[in-house]
Amino acid sequence: MKNLNISLCVLLIALVRLGGSAPSSFNYGDALDKSLLFFEAQRSGKLPLQQRVKWRGDSGLQDGFQQGVDLVGGYYDAGDHVKFGLPMAYSVTMLAWGAIEFSKEITYLNQMGHALWAIKWGTDYFVKAHTQPNVLWGQVGDGVSDHYCWERAEDMTTSRGAYKIDEQHPGSDLAGETAAALAAAALAFRPYNSSYSGLLLVHAKQLFTFADRFRGLYDDSISSAQQFYTSSGYSDELLWAATWLHLATGDEYYLKYVVDNAVYMGGTGWAMKEFSWDNKYAGVQILLTKILLEGKAGPYADTLKQYQAKADYFSCACLQKNDGYNVQKTPGGLLYVREWNNMQYVSSASFLLAVYSNYLSATKANLNCPDGQTQPQELLNFVKSQADYILGNNPADMSYLVGYEAKYPLHVHHRGASIASIFSLHSEVGCTQGFELWYNRAESNPNVIFGALVGGPDKNDGFSDDRSNYEQTEPTLSGSAPLVGIFAKLQSLYGNIGKGAPVQFLHSISSSWNVGGATYYRHRVIIKNTSSKPISDLKLVVKDLTGSLWGLSSTEEKDTYELPQWQKVLNPGSECIFVYVQGGPQAKVSIKSFQ
């Protein structure tokens with residue numbers, strides 16, 4: 001793959017100011033890295049040698065074979081093992097949008113390889129699932145039979161039937177969202193692999209044409225999806241796909257499509273307070289506002305201004321500046337949209353406001369709300385408030401991103417995480433046996449599913465860490481996908497990146513292994529002097545260290561270490577490396593003193 005270096009490390013960047021104190025804001029780089037790890041935990045199919053989530057194994061290797069089509073790969077949706085096409089495609093769209101909009105920030109964190117890999121795991125599957133111009137396989141597995149069992153993906157005994165849409169059984173919402181995902185991914189891959197980008201664009205165009213010409217709701221054709229991902233309509237997906245195709249191709253046909261259908265399909269009519277796998281209107285409205293702000297609307301400016309008015313409505317409603325017509329918030333300050341898995345609506349709304357802030361800033365524009373004019377920075381302040389709530393600044397003082405910091409949900413509603421890995425428990429865990437031995441146990445999950453964003457608290461900030469409480473403890477692809485862009489943006493703003501910080505820590509997980517049902521990690525930390533002056537007598541504090549450490553010299557002071565004797569001075573641009581091994585969360589490294 002051209003110029004694409006998919007690193008095998010997990011890069012987590014924390015920057016420390018001269019003065020000896022740790023950053024006051026959260027380590028968004030760490031949160032970004034863990035969010036990408038979640039997608040590796042959700043992989044279906046033959047896992048690569050570079051797989052970093054070691055408690056997972058190959059699974060779903062016969063998917064589609066009964067129907068004579070290769071549907072191996074893709075992602076499991078949540079805590080179950082169904083591959084639902086609509087939310088999977090939306091998640092890939094959001095991953096790709098993050099890689100496009102925040103490419104500089106993600107690249108600086110050395111995470112672009114992992115981000116593109118996460119996107120490609122989905123797009124490779126979509127290309128295989130699009131077997132003919134007007135045929136798309138939209139689901140593998142049955143939710144009812146899957147939920148009857150509690151077993152690892154590697155042990156699956158449930159139905160792996162595959163379901164498709166075609167000319168006689170249309171699904172404009174599913175085909176449209178998949179077209180949007182492929183078009184957005186084509187943009188994301190264009191600087192790195194132009195031939196792959198071109199392939200994705202061919203499929204995206206065909207799927208949009210299929211979605212537009214043969215209209216219908218996908219869950220009328222794939223009835224087994226109705227109980228789990230019922231579609232409220234397909235007009236938003238058609239506008240969404242056309243918008244992404246215009247951005248990916250520059251073809252005016254697609255821009256004219258969203259203008260000509262603006263009223264009929266609700267693009268300029270619907271004022272939304274939600275953006276999700278089912279409802280794309282706010283995303284369409286903000287993307288089209290970008291075209292308007294950049295002066296590229298041409299003869300369509302009047303209609304795009306109507307789209308902008310609805311983009312402003314959504315943003316102002318999130319900011320609580322919409323003349324009373326606001327998105328509800330919890331007492332602790334979290335957006336609250338729905339009882340079931342509310343965090344997915346928080347992450348999606350936060351992402352939209354982060355990109356809208358970029359668009360406004362780039363064109364020196366402000367957001368006009370009924371309650372007053374708002375500068376782009378206020379949108380970012382809102383994004384930070386929601387991200388900080390997710391990461392621990394909330395009434396429960398816990399992170400809702402699994403594996404981040406010391407306190408996070410331990411009883412995540414996730415089959416693979418809650419059952420001992422196939423590499424440590426070699427015997428098969430049967431369908432109902434899993435409920436008896438693992439689902440109902442009081443102990444914590446044996447596998448930490450890093451980066452999983454759980455459903456989160458209720459409208460009063462209440463949260464119960466219970467495996468059976470799936471509304472609050474189950475993670476989803478659609479909840480985690482927007483986080484990649486959000487955390488990259490926040491790390492660039494509040495992580496001191498590129499702002500003269502003289503000491504930089506590059507913290508990576510270089511390997512992991514399972515012993516007796518527990519997972520251990522080898523952590524590698526690079527200390528780099530990014531200043532123009534030598535640093536001597538550097539002393540570090542390493543907190544929460546439970547394993548062994550190599551590469552630093554211990555001192556008589558508790559948790560305090562110094563550089564080895566042969567490297568007492570860090571010259572400008574030079575580095576020192578140390579490693580440690582432990583299970584659970586990573587240790588916390590900070591500067592104590594230096595000269």
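Everything quoted here is computed from the prediction, not taken from an experiment.
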Might you confirm whether atom [atom1] of [X] has over 12 heavy atoms from other residues, nucleotides or ligands at distances under 6.0 Å?
X	atom1	result
Y325	OH	no
Y470	OH	no
K459	NZ	no
H169	NE2	no
Y148	OH	no

*Roughly how far, to the nearest 0.5 Å, is the OG atom of S315 from the CZ atom of F382?*
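Answer rounded to 0.5 Å: 9.0 Å.
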*Output the distance between atom CD1 (I165) and atom OH (Y218), rounded to the nearest 0.5 Å.*
10.0 Å
*Residue pair Y76, S59: steps toward the side chain to side chain donor-acceptor pair (under 3.5 Å) verdict*: CA-CA 10 Å; Y76 298 124; S59 62; 2.7 Å; yes
Could you check whether any side-chain heavy atom of [X] comes within less than 4.5 Å of a side-chain heavy atom of [Y], counting everything from C-beta outward?
X	Y	result
L201	R190	yes
V346	Y389	no
N134	Q132	no
L116	I119	yes
R160	Q62	no
L490	F102	no
F487	L109	no

Pairing donors with acceptors under 3.5 angstrom, does anything connect the side chains of [X] and [Y]?
X	Y	result
S231	D219	no
K489	N358	yes
Q344	S276	no

I'd like to know if the side chain of [X] and the backbone of [Y] have a donor-acceptor N/O pair within less than 3.5 Å.
X	Y	answer
Y307	V258	yes
Q51	E40	yes
E151	T157	yes
T230	Q226	yes

Aromatic contact between [X] and [Y], with the criterion being ring centroids under 6.0 Å apart: yes or no?
X	Y	answer
W121	F39	no
W244	Y254	no
F314	F275	no

_Within 45° cone and under 6.0 Å: K290 NZ/CZ vs Y359 ring_ = yes
*Using the six-membered ring wherever Trp is involved, compare the ring planes of F228 and F84 and label them parallel, tilted or perpendicular (cut-offs 30° and 60°).*
tilted
*Give the ring-plane orientation class for W150 versus Y439, where under 30° counts as parallel, over 60° as perpendicular and anything between as tilted.*
perpendicular
Write down the atom of [X], the atom of [Y], and the distance for their closest heavy-atom approach.
X	Y	answer
C318	L335	O-CD2, 4.0 Å
A41	V53	N-CG2, 3.9 Å
A179	A241	CB-CB, 4.1 Å
A129	L71	CA-CD2, 3.8 Å

_Just to verify, what does E154 make a salt bridge (Lys or Arg N to Asp or Glu O under 4.0 Å) with, not counting sequence neighbours?_
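Counting only residues at least two positions away or on another chain, E154 forms a salt bridge (Lys or Arg N to Asp or Glu O under 4.0 Å) with R56.
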Identify all side-chain donor-acceptor contacts of residues 206-216 below 3.5 Å with residues at least two apart in sequence or on another chain.
{"residue": "T209", "atom": "OG1", "partner": "K205", "partner atom": "O", "Å": "3.1"}
{"residue": "D212", "atom": "OD1", "partner": "R215", "partner atom": "NE", "Å": "3.4"}
{"residue": "D212", "atom": "OD1", "partner": "R215", "partner atom": "NH2", "Å": "2.6"}
{"residue": "D212", "atom": "OD1", "partner": "Y257", "partner atom": "OH", "Å": "2.7"}
{"residue": "R215", "atom": "NE", "partner": "D212", "partner atom": "O", "Å": "3.0"}

_Considering only residues two or more places apart or on different chains, which pairs with a residue in residues 225-270 satisfy disulfide bond (SG atoms under 2.5 Å apart)?_
none
Determine which pairs satisfy salt bridge (Lys or Arg N to Asp or Glu O under 4.0 Å) with at least one residue from [range], sequence neighbours left out, and list them in order.
range	answer
residues 296-313	E294-K296
residues 334-345	E274-R338
residues 237-256	E237-K280, K256-D260

_Residue of the set D63, D146, D77 for which salt bridge (Lys or Arg N to Asp or Glu O under 4.0 Å) holds with K83_ = D63
